[in-house]
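Lettering follows sequence order; numbering is per chain, from 1. Worth saying up front: this structure is predicted, and the values here are computed from it rather than measured.
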Amino acid sequence: MSQTPRPRSSLWQALDERIGLGVFSYPVPRHANRLWYGLGALTLASFFVLVVTGFALAQYYNPLPAEANHSVRHIMLETQVAAFARGLHSWAAQLMVVTLLLHLGRVFFTASYRRPREANWLMGVLLLFVTVGLYFSGTILKWDQEAYEAMLHQMEGARFLGALGFLFSEFTRSVPMLVRVYMAHVSILPALLTLLVVAHFFLVKRHGISPSPWRATGLPAAEETFARHLRLVGAYTLILLGAMTVLAVLLPPGLGPAPVEGIEVTKPPWLFLPLYSLEDLLGLTAVLYAPLALFLLLVLVPLVDRGGPIHPGARRRVLAAGVALGLLAVASALWAWWTTPMAHVGM
Amino acid sequence: MPSPPPEPHHADEDVSAHHLPGAPLKALEPRFAGSPGELVVLGLGVALITAGLVAARVTGRRGREKAR
């Protein structure tokens, strides 16, 4: 049942006349007013927190290799506000990745990549990889032993890529690699992410929220206003912000020892543990081929699963393949977490 | 050969020695100390979570009422 829109306030009318707020005043299906359909917006909320806290941290952080670790120590020990901003930044990054992966899972489960939304699925896949790039570059910036080893992996990956990997290698001697990673982290990748988010939202608006797989085909979807959807997402965002704040106070991020060249003794953060176990099995080239294989698999999803009903019961094979891949990632992460660290660079 | 793990380093320890040029920089593991500032921010976080839960519940209830 669609609702009759309430008369707008004079403030709304004044703003609508000047900046076109009315563009957000459109109906959305009622099933979109669930947490599962708000995960993309929560991911964006985390990104906003990252931009604000990142701006604060940029006032204190020094990306020169000789100073980077010192400047992070300064943030942690001598500036309470920046130390809290670092805690928020770190937890916002973790939660952004978590909500993004859950969002990907929801879109996959509800077959929201089906025609005509294939291009938006591709945007989402690109957003996933840019986000992982931001996460990875962020772990390098703290410039401890783990960060140093992560950068070694990046440079080895660039070596395998040959001429194509020049952007990730020390092709220029005038600027330290760490400074270039910093530049990518604070400008190139956020700009790319912003452009992709704008395109992603444009296509969501263009095609509308995807249909619920549990609604019988042919029946009209019950509708709500987008304003109410925004209110619910706002409420979830408050919970997310609260969770970040509590975690930043109770479990502030640490900092490893300053890097020592020539050794490889750490494990990567949780997101890269599946990759770490693949490195144990297949060697360093897994760093290059596994993400490439994952990217191709994700791109192929809307091309392989194209026809038929979108009800999960009718898509058992596709869903089973997705669940198997997810379980494999979790199992390999647990294995990597449990095993003793081993050197991969130079294997 | 993996080197031994770094010694834990507490937030209240004097770390000035680690700032000297060439001195080894050990791991830092800050912990919640229950200071007034931390408690205020913790309270703010709990208030945000509570406000979000209440707002989600109220918005959800209104939506269900309108649907009827």
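In this structure, B/Ala56 and A/Leu232 approach most closely via the heavy-atom pair O-CD2, 3.9 Å. Shown here for B/Pro30 and A/Pro252, the closest heavy-atom pair between the two residues is O-CG, 3.7 Å.
Interface remark: of the candidates A/Gly234, A/Ala66, A/Gly254, A/Gly254 forms the most heavy-atom pairs closer than 4.5 Å to chain B. Top candidate by heavy-atom pairs under 4.5 Å with chain B, chosen from A/Gly87, A/Ala235, A/Pro259, is A/Ala235. Put simply, of A/Val233, A/Leu238, A/Thr245, A/Leu251, the one with the most heavy-atom pairs under 4.5 Å next to chain B is A/Leu238.
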Inset, instruction - Output, in order, the C-alpha distance, side-chain angles, deciding distance and verdict of side-chain contact (heavy atoms from CB on, under 4.5 Å) for B/Leu48 and A/Ile239. - result: CA-CA 6 Å; B/Leu48 283 170; A/Ile239 298 170; over 6 Å; no

Inset, instruction - Tell me, with the steps shown, if B/Leu42 and A/Val246 meet side-chain contact (heavy atoms from CB on, under 4.5 Å). - result: CA-CA 5 Å; B/Leu42 193 61; A/Val246 168; 4.0 Å; yes

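Between the side chain of A/Arg228 and the main chain of B/Thr59, a donor-acceptor pair closer than 3.5 Å is present.
Looking at A/Pro253, only its backbone comes within 4.5 Å of chain B, counting heavy atoms on both sides.
Within a 6.0 Å sphere centred on CZ of A/Phe48, other residues, nucleotides and ligands contribute 12 heavy atoms or fewer. For A/Trp36, the CH2 atom counts as loosely surrounded, since its 6.0 Å shell holds 12 or fewer non-hydrogen atoms of other residues, nucleotides or ligands. Counting heavy atoms of neighbouring residues, nucleotides and ligands inside a 6.0 Å radius, atom CD of A/Gln80 does not exceed 12 of them.
A/Ile75 contributes atom CD1, which lies 12.0 Å from atom CG of B/Leu28 (distance to the nearest 0.5 angstrom).
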